[in-house]
Every structure is written in structure tokens, then in C-alpha cells.
Amino acid sequence: MEVAETMGKIKIFKQVCEQAQTQNKSVVIPTYLLPKGENMKGITKRKDGRYMIRLAIDGQKVYYYASTFARAKKILELLKQEQKKYKREKKPVKRPTKKKGLTFNKFADKWLETYKKPFVNNRTFSDIKSFINRIGKELGDYTLKELDAFIIQEYFNKLPKGRTKEKMFTYFNSMLQKACDLDIITKNPFNAVVKDKKVKCKSNAYTFSEQVKILQAIKNTDIEHEIYVYLMCGCRPNELPKNKDFDFENNIINIYGTKNDNAKHRQVEMSKVFAEYMKEYFKIHYMQNAKYISTKFIEICNKLKINKPLIYKLRHTFATNHFTLGTPTKQVQEWLGHSSISMTLDQYTDIDKTATKEKIRELYNHFYYEKI
């Protein structure tokens with residue numbers, strides 16, 4: 001029965017279409033030919049016989065009902081006019097312009113202030129900042145997303161091998177790893193960058209003849225006592241002890257490591273002769289600033305034409321002189337604050353055949369501490 005009814009509707013529908021075509025008129029579909037429950041371009045015939053008109057305006061669905069299909073069609077046309085009118089009147093939404101992105105220099109400033117300055121001392125912070133600024137002069141305008149492994153590798157390939165390059169590599173890598181942790185970049189490009197083989201910190205000690213020239217040149221200068229302190233305790237340039245760090249009752253110099261918060265406090269014995277020498281100095285003087293001492297020391301060494309003058313080499317000279325004096329290596333290791341005795345022997349101790357115990361004692365007027 002249902003099949004016969006459907007076939008009859010199809011036959012009538014074809015006749016209506018053919019009649020409209022011969023008369024050159026638009027097709028008017030009888031309401032009883034509309035399929036029940038189907039959507040006819042926004043008009044749906046319901047089971048109760050009514051027609052539901054549905055249209056979206058401004059993202060909201062609007063519903064109307066009509067008793068006849070013709071009425072529903074008129075309502076739909078009116079709604080479409082309103083829809084077009086709304087689209088014309090609606091102002092176009094301004095899309096936010098894409099930002100260029102965080103550049104190397106901008107992120108470096110934030111990284112230094114947020115993740116470095118609060119956790120390191122001023123000297124270390126200044127060093128890190130100088131290394132990062134040096135990189136920023138060439139790569140500073142790149143955004144973090146633009147900095148790929150090829151750009152970074154090309155930059156480091158141009159630099160000469162050495163400790164400076166190693167430190168720049170380490171700090172640059174640390175900075176980009178933090179950007180990765182903060183989801184500013186998806187991955188750290190340094191994972192694909194090839195690093196140079198580590199350059200050993202082999203800063204040769206001053207020879208005996210160079211020590212003679214240096215001690216003569218610093219005599220009666222404002223850095224004389226400070227240079228002797230470096231030579232007598234083997235401290236790093238930024239570990240120079242202050243007046244209060246000298247314990248004259250026990251003849252001990254207290255040295256506080258500045259590399260990190262866990263650096264061990266160490267004590268270096270000083271001879272009675274050197275203790276008296278410093279005690280007289282402290283009656284009216286205070287220790288000079290480490291940066292000033294370094295600058296002036298290099299100026300003096302340059303005048304003496306000493307090759308590669310560095311304050312740090314006084315630390316190596318301290319180790320070498322004690323080796324010549326016969327001080328136990330384990331004792332020197334503790335004074336220097338080294339984690340292994342091999343570092344003290346292999347990297348900090350040189351053999352100077354021109355120096356002897358007697359020459360060292362005479363040159364330094366028995367300033368060096370010796371166990372009796």
C-alpha cells in the first residue's frame with residue numbers, strides 16, 4: 001500500500017514539473033507532495049501538519065511555524081533578508097596581528113633577571129651577562145623560533161676554541177633550555193649542535209724568573225699586599241679574603257667559595273712571618289677591589305712583557321711553589337678546594353727546574369707556610 005502511494009506521488013510530481021516547463025513557470029509543489037519530517041532548505045513539515053521554519057542569524061537558531069507551505073516560504077524569505085541585512089551592518093572583526101615573536105635579546109634580559117640574578121653572586125652574574133650580551137650582538141634580532149641548530153652552529157664555528165667559547169656555549173644552551181621548559185619553543189636546538197672538545201683549564205704558573213720581576217714591580221704599589229695574598233692562599237680571583245677573614249690568633253686565612261651556594265669553606269695556614277706582614281697592613285688599610293687589582297696587575301705584567309698575564313695564574317703559581325717546597329699534594333688539594341688530587345697535579349702544578357726550595361724561601365722572605 002505504502003509503495004503504491006509513493007509511486008503515485010512521484011507520478012504527480014513529474015506531471016507538475018512537465019506542466020511548469022511547458023508554461024515556462026516556476027514549479028509549485030503541492031503541500032501533500034512534501035516528504036514528511038525532511039528539511040526542505042529551512043522548512044520542515046512536522047507530523048502535526050504544521051511547517052517549521054529554521055534559520056541561523058548571528059550564530060543563533062531562529063524558529064517559526066506556519067500552517068501552509070506558502071506561508072512558511074514567505075517567512076523564510078523574510079528571515080533570509082534579515083540575515084543578509086545583519087551581515088551587511090555587522091562590522092568586520094579586526095583580527096589581532098601576529099606578533100613577530102620574542103627575540104633573543106628580549107628573552108635574554110628576562111632570563112638573566114629572573115633565573116640568574118637572584119641565584120648567583122654579583123660577579124658571576126656580571127660574567128654571565130657579558131657572555132650573553134656578546135652572543136646578542138650577532139644573534140640578538142633573531143626570534144627564539146628562528147634560532148635553529150644551523151644558525152647556532154655557524155656562529156660557534158667562527159669563534160676560537162677556549163674557555164670563553166665553552167662558557168658562551170653553556171650559558172646559551174641553558175637559556176634556550178629554559179625557553180623550552182616554558183613552552184616558548186617546542187625543543188632546544190642545541191640538541192643538534194656539535195660542541196668542541198673540552199679545553200682543559202691549563203693556565204701555566206709564572207716561572208721563577210717571572211715571579212722575581214712581578215714581586216719587584218709591585219713593591220710599594222697599592223696592590224702589593226693583595227698580590228701576596230693570592231700567592232700565599234691560592235684563592236680564585238673573586239675569592240679574595242677580606243680583613244675579617246684573617247684569623248691572626250691561629251694564623252689561618254678563611255676562604256669562602258663563590259662558585260655556588262654549596263662551595264665548601266676552606267682554611268689555608270699562613271706562616272707567622274706573613275701573618276705579621278698582613279697584620280701591620282690591616283692597621284690602616286682594607287683589601288682592594290678584586291677587579292681593580294686584576295686590571296692593575298695586568299698593566300704591570302704588560303710593561304714587564306710577561307706573556308698572558310692573568311690573576312688566575314697566581315693560583316697555579318701557589319700550587320707549583322708548594323710542590324717545589326715539598327708540601328704534601330693532598331694538603332695543597334684541600335687548600336685549593338679541588339674535588340680530586342689529579343686536578344691539582346695535572347692542571348695546576350708545573351715543574352720549574354730553575355726553582356728550588358731555597359730560592360722560593362729567599363724570594364718570598366719565608367712567607368710561604370711550611371710544616372716543621
Side-chain angles (χ1 to χ4, degrees), residues 102-142 144 147 152 155-156 158-179 181-182 190 195-196 198-199 201 203 222-223 225-227 229-230 233-245 254-266 286-302 308-316 318 336-338:
L102 203 58
T103 62
F104 172 92
N105 281 339
K106 287 183 179 179
F107 181 74
D109 291 339
K110 291 182 179 181
W111 176 72
L112 286 166
E113 291 296 323
T114 309
Y115 296 102
K116 286 299 171 186
K117 193 172 184 179
F119 306 107
V120 297
N121 61 67
N122 292 335
R123 179 62 184 270
T124 304
F125 175 75
S126 178
D127 288 342
I128 297 172
K129 189 175 182 178
S130 65
F131 287 125
I132 293 296
N133 288 344
R134 184 171 171 179
I135 299 169
K137 286 180 180 178
E138 188 163 339
L139 305 181
D141 292 333
Y142 283 97
L144 295 184
L147 279 171
I152 297 170
Y155 173 74
F156 278 100
K158 296 175 185 176
L159 300 177
K161 292 182 180 180
R163 290 286 293 168
T164 299
K165 184 177 181 180
E166 282 185 22
K167 288 183 177 181
M168 289 169 70
F169 192 99
T170 300
Y171 296 138
F172 195 178
N173 184 15
S174 177
M175 191 186 84
L176 289 187
Q177 183 57 50
K178 181 55 66 177
D181 295 340
L182 295 170
F190 264 90
K195 185 180 179 181
D196 292 332
K198 189 173 182 181
V199 178
C201 181
S203 178
D222 58 348
I223 63 168
H225 289 74
E226 286 80 358
I227 297 301
V229 171
Y230 279 121
C233 70
C235 63
R236 298 180 181 88
N238 56 345
E239 292 178 338
L240 186 67
K242 299 177 182 178
N243 297 38
K244 63 180 181 180
D245 298 326
N254 291 289
I255 300 173
Y256 299 92
T258 57
K259 276 198 163 186
N260 53 58
D261 295 334
N262 298 321
K264 292 180 180 178
H265 159 237
R266 57 192 192 274
Y286 287 91
M287 297 296 283
Q288 298 274 10
N289 177 271
K291 193 171 183 179
Y292 170 76
I293 298 165
S294 178
T295 304
K296 191 152 187 180
F297 176 75
I298 291 171
E299 288 177 1
I300 291 171
C301 289
N302 285 334
K308 295 181 180 179
L310 293 169
I311 281 284
Y312 205 94
K313 290 175 73 172
L314 297 176
R315 179 170 162 86
H316 292 250
F318 165 85
L336 291 171
H338 289 160

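Not measured: the values here are computed from a predicted model. FYI, the numbering just counts along the sequence from 1.
Of all the heavy atoms in L176 and I152, the pair that sits closest is CD1-CD1, 3.8 Å. In terms of heavy-atom proximity, P241 sits nearest to N254 at CB-O, 3.7 Å. Contact record, L144 with A179: CD1-CB, 3.9 Å, taken as the closest heavy-atom pair. A pairwise comparison of heavy atoms in M168 and L159 identifies CE-CD1, 3.8 Å as the closest pair. Shortest non-hydrogen contact noted between Y230 and P237 is OH-O, 2.7 Å. The minimum heavy-atom distance between A108 and I132, with the atom names listed, is CB-CG2, 3.7 Å.
Evaluation of the side-chain hydrogen bond (donor to acceptor under 3.5 Å, both in side chains) rule for D222 yields Y292, K296 as partners, not counting sequence neighbours. Judged as a ring pair (Phe, Tyr, Trp, His ring centres under 6.0 Å), and not counting sequence neighbours, Y142 has no contacts.
Heavy-atom neighbours of N302 CG from other residues, nucleotides or ligands within 6.0 Å: above the threshold of 12. Other residues, nucleotides and ligands contribute over 12 non-hydrogen atoms within 6.0 Å of the NZ atom of K165.
With contacts defined as side-chain heavy-atom distances shorter than 4.5 Å, the pair M287/D245 does not qualify. By the 4.5 Å heavy-atom criterion applied to side chains, I298 and I311 are not counted as neighbours. The shortest side-chain heavy-atom distance between N133 and K137 does not fall under the 4.5 Å cut-off. By the 4.5 Å heavy-atom criterion applied to side chains, Y171 and I135 are not counted as neighbours. Under the 4.5 Å side-chain criterion, counting only non-hydrogen atoms from C-beta, I227 is in contact with I293. Counting heavy atoms from C-beta on, the side chains of V120 and D127 never come closer than 4.5 Å. Looking only at side-chain heavy atoms (C-beta outward), K117 and K129 stay at 4.5 Å or farther from each other.
Annotation: the span from S294 atom OG to Y312 atom OH amounts to 13.0 Å, rounded to 0.5 Å. Rounded to the nearest 0.5 Å, atoms CG (L310) and SG (C301) are 9.0 Å apart. Between the CG atom in N121 and the CG atom in N238 there is a gap of 6.5 Å [rounded to 0.5 Å]. Distance check: S130 OG to K167 NZ gives 9.0 Å after rounding to the nearest 0.5 Å.
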Apply side-chain contact (heavy atoms from CB on, under 4.5 Å) to the pair F104 and M175, showing each step before the final yes or no.
CA-CA 10 Å; F104 172 92; M175 191 186 84; 3.2 Å; yes
Applying side-chain contact (heavy atoms from CB on, under 4.5 Å), run through L182 and F107 and close with a yes or a no.
CA-CA 11 Å; L182 295 170; F107 181 74; 4.3 Å; yes
Give the intermediate values and the outcome of side-chain contact (heavy atoms from CB on, under 4.5 Å) for residues K195 and N173.
CA-CA 11 Å; K195 185 180 179 181; N173 184 15; over 6 Å; no
Evaluate side-chain contact (heavy atoms from CB on, under 4.5 Å) for F297 paired with L314, printing each intermediate quantity in order.
CA-CA 11 Å; F297 176 75; L314 297 176; 4.1 Å; yes
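Applying the side-chain hydrogen bond (donor to acceptor under 3.5 Å, both in side chains) test to residues at least two apart or on different chains, none of the pairs has a partner in residues 106-116.
Side-chain atoms of N105 do not come within 3.5 Å of backbone N or O of D141 as any donor-acceptor pair. Of the possible polar contacts, one joining the T170 side chain to the E166 backbone as a donor-acceptor pair under 3.5 Å is found.
The aromatic rings of F156 and F172 sit tilted relative to each other, their planes meeting at an angle between 30° and 60°.
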